[in-house]
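In what follows, a structure is listed as structure tokens, so that the remarks can point back to it.
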There are 2 protein chains.
Amino acid sequence: MIKVLIVDDDFMVAKVHAGFIQRTPGFTVVGVAHTGAQAVVETERLQPDLVLLDIHLPDINGLDLMQRLRDVAPELDVLVISAAREVETVRKALRGGIVHYLIKPFSQKDLHERLEHYRSAYQGLDSSKDVAEQADVNRVFGLDSAGAQGGRPLPKGCSVETLKLVKGALTAADGDLSANEVAVQLGTSRVSARRYLEYLHAEGVLEVRLKYGVGRPERRYVLKV
Amino acid sequence: MIKVLIVDDDFMVAKVHAGFIQRTPGFTVVGVAHTGAQAVVETERLQPDLVLLDIHLPDINGLDLMQRLRDVAPELDVLVISAAREVETVRKALRGGIVHYLIKPFSQKDLHERLEHYRSAYQGLDSSKDVAEQADVNRVFGLDSAGAQGGRPLPKGCSVETLKLVKGALTAADGDLSANEVAVQLGTSRVSARRYLEYLHAEGVLEVRLKYGVGRPERRYVLKV
DNA sequence: GAAAGTTAAGTTCATTGAGTACACAATTTT
DNA sequence: AAAATTGTGTACTCAATGAACTTAACTTTC
């Protein structure tokens, strides 16, 4: 569980963020601070993994606060959330080694994406490994060619929604599935199921095994690795 | 022209890097340093925009050196190039606000990509602008592709009133609704209903399920739990 | 070992809803 | 009062799917 501390002077905003993060699987809100002083105290006490930091605070500039928090907890990661969009502020924050800089107002989806990215990128780089691969570092900087849907734009005649369903079916399945089985499971036609399966196969996500019997052999699809 | 300082204890390596960067349009090598002490002096004297920094140095740890360089030139960006792949070293560097961390050995292509990225991302965020857009920040983190959706205050051509009606319809509905059903219920056109529904979907408020039948599948919208 | 038999893969295209471009009317700004 | 702006609708094009079909890759039979 990734422990998050929210730092925002606006009570309502802090509450909303807290609620959202609490509902995000894998994340838990361990505390909320409304001033820089509180933030330092809470960081020391709670040792969060991640701080959601608003730049605008009553007692101290958020960027300076960031340095203080790092003194208290060197392992701390910071996600800046701010309405401040002056280039100098942003650049300074970037040089401070932040996880991301979200400019208000942003949608729940934006925040959700950043949290997911944090989990997969930064946390994949933790104690479970001793040495990092270049791929791990690239992931942090968003160069993850495979992972999310950021990649190439699906062939014409395909939808993200259906693709997800197909992936889901394969993940849920214990072993391999035929196009027909996938179709039945999703409620689509075999033709559609096949479209997506072959797409995933072309992408290198799936492996195909032939199952022989009477008649033409059946193509059975399995997720790789 | 982006001024680059190379810091590497190996003379040959430094020379190779320098040659490569010199040949990269838009970049120029202003100096080379082989020790941490030299690096500090040269940084102060030459005021480079970017430092190519090897972690392994004879007189000081590269990560500590980075802090010193920042003291001398706060505007400095750092691209770490190192054979060091201990996770702790990498994480520490990331928290130090580096531009990227390239693990040796790497190809010229890798370096070239990082330089191009630096130019388009970081330099696009310089004095020419006063305020940054979310898109600018995303570019730094390599999210230039899909990230769009800048303004939260509703897309052009939408009203809060209608938005509320749409939300209301969804809340009242027991299950999911199609754009058409929402339209009929509100007395608006399907197009308008869709506008709001897709907006809510982009916001992450709604979920879309496809209902398959003959012909193109129907998008059915449900409020997320 | 060729022909027949069997089963599923692969293709075509009608169908139906999604998505877009632009026109329009009601505002607000100049 | 002319011009820009905004929220909506009309009329269209495009896209995701499945039914019906043809083709392919095997096994079995003689």
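A, B, ... follow the sequence lines: proteins, then strands. Residue 1 opens every chain. Below, each value reflects all heavy atoms present in this structure, side chains not excepted, and no hydrogens, waters or symmetry copies.
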| said: Taking donor-acceptor contacts at under 3.5 Å, does the side chain of B:Arg220 reach the base of C:dG17? | reply: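 Between C:dG17 and B:Arg220, which were checked side chain against base, a qualifying N/O pair under 3.5 Å is absent.
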| Under 3.5 Å donor-acceptor pair, A:Arg216 side-chain atoms to C:dG10 base atoms |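 Flag unset: no donor-acceptor pair detected.
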[X] [atom1] to [N] [atom2], straight-line distance once rounded to whole Å:
X        : N      : atom1 : atom2 : answer
B:Arg194 : D:dT8  : CZ    : C1'   : 14 Å
B:Glu161 : C:dA26 : CD    : P     : 17 Å
A:Leu197 : C:dG10 : CG    : P     : 11 Å
B:Lys211 : D:dG18 : NZ    : P     : 13 Å

For [X] and [N], is the shortest distance between a side-chain N/O and OP1 or OP2 below 4.0 Å?
X        : N      : result
A:Thr162 : D:dT17 : yes
B:Ser192 : D:dG9  : yes
B:Ser178 : C:dG17 : no

| message | Counting only side-chain heavy atoms from C-beta out, which of C:dA9, D:dC26, D:dT8 sits nearest to A:Tyr212? | response |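 In terms of side-chain proximity for A:Tyr212, the closest of C:dA9, D:dC26, D:dT8 is D:dC26.
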| said: I want to verify a distance call: between D:dA20, C:dA21, D:dG7, whose nearest atom is closest to the B:Val191 side chain? | reply: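 Selected nucleotide: C:dA21.
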| task | Tell me, yes or no, whether the heavy-atom count around A:Lys211 atom NZ, taken from other residues, nucleotides or ligands under 6.0 Å, exceeds 12. | result |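 No - once you tally the heavy atoms of other residues, nucleotides and ligands closer than 6.0 Å, there are 12 at most.
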| task | Would you indicate what A:Arg219 reaches in the nucleic acid, counting non-hydrogen atoms under 4.0 angstrom: base, sugar-phosphate, or nothing? | result |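 Sugar-phosphate only.
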| Position toward the 5' end of DNA chain D (nearest nucleotide), A:Val214 or B:Pro217 |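 Checking each residue's closest nucleotide, the 5'-ward one belongs to B:Pro217.
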| field | B:Glu116 with B:Arg114: basic N within carboxylate O range, under 4.0 Å | value |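 A salt bridge is absent here (no side-chain N lies under 4.0 Å from a carboxylate O).
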| task | Classify the angle between the aromatic ring planes of A:Tyr118 and A:Phe27 as parallel (below 30°), tilted (30 to 60°) or perpendicular (above 60°). | result |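 The arrangement is tilted - the two ring planes meet at 30° to 60°.
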| request: For a side-chain contact (heavy atoms from CB on, under 4.5 Å) with B:Leu206, tell me which candidate from B:Asp176, B:Val222, B:Leu197 qualifies. | output: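 Answer after filtering B:Asp176, B:Val222, B:Leu197: B:Leu197.
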